[in-house]
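To keep things clear, I will list the structure first and then write my remarks on it.
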Amino acid sequence: MDTYTHVSEGEGNQNTGSIKNKFNKKKKIFRNKALVKVSYIPEKISNIVHRDDVIDKLQDCLLDVSDNLSPNNIIIYGKMGTGKTVVTSLVLKDLQEVANENGIKLTILNVNCEGLSDNGVLGMINNALIYEIDGKIKDTIGNSMSRNSINLKKYYNKLDGLLIIVLDEIDKIKNPNIINQLMRTISTKNQQPPCLIMITNNINFKDYLAGHTKSVMAENEIQFNPYDAEQISDILKARAKEAFYPNVLAEMVIPLCAALAAQEHGDARKAMNLVLKSGEVAEIKGKETIEEEDVREANEIIEIDRITEIVKTLPTQSKVVLYSIILLRSKGREGKNVTTGEMYNVYRQLCHHLDIDILTQRRVTDLVSELDMLGLINSIVMHKGRYGRMKEVSLSIPFENTRKILLEDYRLRSLEDFKASVFNKMFSEF
DNA sequence: CCTCCACCGGAACGTGAGGAGT
DNA sequence: ACTCCTCACGTTCCGGTGGAGG
């Protein structure tokens, strides 16, 4: 496969390799690349398409601010790439402006909960609050829970006016009870409680809240539905108009990107990334237009990147399990299905070779299930009558690529010489 | 029709790491 | 420094499972 080298042949003119040549060619595709980057946030809410209903609803939920009242808490649901974060931040930006114009004091804090501990969330809110009040930047969140709580109370009392706290990816925190704690900590008799806007892609998030936490929160709920292919098409068109030079995109590029992204629950971010990558593929080839083949190639690159990331971050044991499947599917055994029994035997040999713990078969079946869920392998339960019940596994990702990625792990590197001859000898011993 | 293979997968339990509270 | 608690990761135990072969 040739997915990593996009240098097309047959254009070997005398200028190949000259940076000037590359520079000039490069300019022909993107007019403003930033617009199709995933991180791009439009300036105005009016730039957002197909989200009128939720924008409307969110605005309504926040209207209490006009009466100088703290709005009720809000939970925003929606899968990845449905525009939750962007819509929220733009609506709040507008709200802040309107509040300023009307002399209403309003503070908005943004905290992304991903990767934070429960206490970390409190700490981040704390720091954001301190920054708003004193303008001091604190880069540590390492206070104890109790100290964070005390500080939070202290600074919230100092705060003049309304407070809205946006908790993005709130499902990532381990203990949802923290929300209750936050409300308890921060609410005082002579002050209005803050408004929490909780953003999550987990539809069951509310169920995780304990009963009393749930009752504390008289919340509004807003659901962001996935985009369909047509809507993604519109979003892409709007951005592509500015992002690319005229006539760069072949007619079917956008519908194809939209269709590919819509297959996976209407993720607009994925679609945007695909357009970007397609442009880059065409750019590297030195082309002036983006065509279907570039999109397909870009899609493949994205997929390989995704798989690489997953495989790289697998625990060692899972890597060894995966490697034993690869071994069993390699030389001399093409077409033969791998059964869990065989696989477990090879796995044990590999562990022995690597000098690492050998897990029980029970545990390994769980690892196999996990690999299946990650989409790295396919497994089907087979009933072979007298010959028992077992799973047949096969790799659902590129063979050689995966092997290379696995061997990059220093703990598995010594498997490199564990090839056919050794393997065949070993296998004949079973 | 019954047996029995060779593993599946649920349940309960053990263990060590790490964080919170004192 | 200490206890307590939670959680991830593993193990042990054991009741299934569907069809080939007797």
Exercise. Are any of the side-chain nitrogens in A/Glu292 or A/Arg296 under 4.0 Å away from the carboxylate oxygens of its partner?
Worked result: yes
Using a cut-off of less than 4.0 Å, is there contact between a side-chain N or O of [X] and OP1 or OP2 of [N]?
X	N	result
A/Lys391	B/dG9	yes
A/Thr360	C/dT12	no
A/Arg363	C/dG10	yes

Exercise. Any donor-acceptor pair under 3.5 Å between the side chain of A/Arg389 and the base of B/dC8?
Worked result: yes
Exercise. Is there a donor on the side chain of A/Arg386 or the base of C/dG18 sitting less than 3.5 Å from an acceptor on the other?
Worked result: no
Exercise. Which comes earlier along DNA chain B counting from the 5' end, the contact point of A/Gly388 or that of A/Thr365, where each point is its nearest nucleotide?
Worked result: A/Gly388
Exercise. Looking at A/Phe244, is A/Arg239 sitting on its ring face, NZ or CZ under 6.0 Å from the six-membered ring centre and within 45 degrees of the normal?
Worked result: no
Problem set entry | Cation-pi check, A/Lys33 onto A/Phe30 ring (under 6.0 Å, within 45° of axis) | yes
Proximity to the side chain of [X] - top-ranked nucleotide from [options]:
X	options	answer
A/Leu359	B/dC7, C/dG10, B/dG10	C/dG10
A/His383	B/dA6, C/dG19, B/dA11	C/dG19
A/Tyr387	B/dC7, B/dC8, C/dG21	C/dG21

Exercise. Does any N or O in the side chain of A/Asn345 come within less than 3.5 Å of the main-chain N or O of A/Glu342, such that one atom is a donor and the other an acceptor?
Worked result: no
